[in-house]
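In each ligand, atom 1 is the first atom listed, and ligand 1 is the first ligand listed. Heavy-atom basis, side chains included; hydrogens, waters and symmetry copies ignored.
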Amino acid sequence: MDCIFCKIINGEIPSSKVYEDDLVYAFKDINPEAPIHVLIVPKKHIESAHQIDESDFQSVGHIHLIAQQIAKESGIDQSGYRLLTNIGKDGGQSVSHLHYHLLGGRQLKWPPG
Ligand code: AMP
């Protein structure tokens with residue numbers, strides 16, 4: 001499958017790995033928008049959060065626990081952070097493999113543009 005995040009998970013494309021287990025892979029965003037900007041992705045190819053079904057509940061729930069762990073290890077669990085996923089064109093999704101952005105290390109603005 002011609003998916004850049006599948007290739008990162010397989011090791012075909014290099015990445016700055018932050019965490020890996022059987023279900024998820026996390027790596028530093030190549031174009032960080034904040035001092036901490038990590039992408040957390042399920043190893044299973046799911047196009048976006050709009051394609052999640054019951055069989056994905058374990059990996060998607062697990063991503064939230066891993067986000068907590070990464071935030072703690074990054075020293076932003078007390079100051080706060082943002083965990084978000086973009087969906088489709090108008091949602092700003094540029095890579096069609098479900099991924100959660102973990103952003104922190106500065107005051108983040110709301111609402112987004
Ligand atoms: P989105 O726009 O929500 O689909 O987010 C895609 C993210 O993937 C962007 O923040 C990109 O900077 C990031 N990205 C694209 N290619 C790579 C790569 N090879 N390694 C790390 N991050 C990447």
Side-chain angles (χ1 to χ4, degrees):
M1 188 183 294
D2 193 25
C3 166
I4 186 172
F5 286 177
C6 284
K7 287 179 178 168
I8 285 175
I9 292 162
N10 295 339
E12 288 174 59
I13 293 176
S15 66
S16 186
K17 182 166 89 174
V18 173
Y19 178 85
E20 180 176 17
D21 64 26
D22 289 348
L23 293 175
V24 311
Y25 190 87
F27 54 104
K28 291 184 182 172
D29 196 293
I30 203 166
N31 184 23
E33 298 288 351
I36 305 296
H37 189 172
V38 175
L39 300 175
I40 312 172
V41 310
K43 286 192 167 174
K44 176 186 170 187
H45 182 87
I46 304 167
E47 200 171 308
S48 82
H50 195 68
Q51 278 74 35
I52 290 168
D53 64 29
E54 280 89 346
S55 70
D56 302 316
F57 283 4
Q58 191 192 0
S59 58
V60 172
H62 188 55
I63 282 172
H64 282 253
L65 295 181
I66 298 309
Q68 293 176 13
Q69 183 180 315
I70 294 170
K72 195 167 186 183
E73 287 168 3
S74 304
I76 56 171
D77 56 317
Q78 298 300 314
S79 52
Y81 57 96
R82 189 169 292 163
L83 184 66
L84 67 91
T85 185
N86 295 322
I87 301 171
K89 184 174 74 65
D90 281 1
Q93 184 178 10
S94 61
V95 178
S96 296
H97 182 130
L98 174 63
H99 52 282
Y100 290 81
H101 296 258
L102 192 166
L103 294 147
R106 67 169 171 83
Q107 180 65 56
L108 298 166
K109 296 186 179 73
W110 191 263

### Query
Are side-chain heavy atoms of Y81 and L108 found at a separation under 4.5 Å?
no
### Task
Could you check if a side-chain atom of V41 sits within less than 4.5 angstrom of a side-chain atom of F27, using non-hydrogen atoms only?
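Contact flag for V41/F27 side chains = yes.
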#### Entry: Nearest heavy atoms of N31 and H37, plus distance in Å
O-ND1, 4.1 Å
### Query
For ligand 1, what is the set of protein residues having any non-hydrogen atom at a distance below 4.0 Å?
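Lining ligand 1: I4, F5, I8, F27, K28, D29, I30, N31, L39, N86, G92, Q93, S94, V95, H99, H101.
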### Task
Applying ring-ring contact (aromatic ring centres under 6.0 Å, His included), name anything that partners H62, two or more places apart in sequence or on another chain.
none
### Query
L102 pairs by side chain to side chain contact (heavy atoms under 4.5 Å, CB included) with which of L39, I66, I40, D29?
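The single option meeting the side chain to side chain contact (heavy atoms under 4.5 Å, CB included) with L102 is I40.
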#### Entry: Side-chain donor-acceptor pair present, S15, Y25, cut-off under 3.5 Å
yes
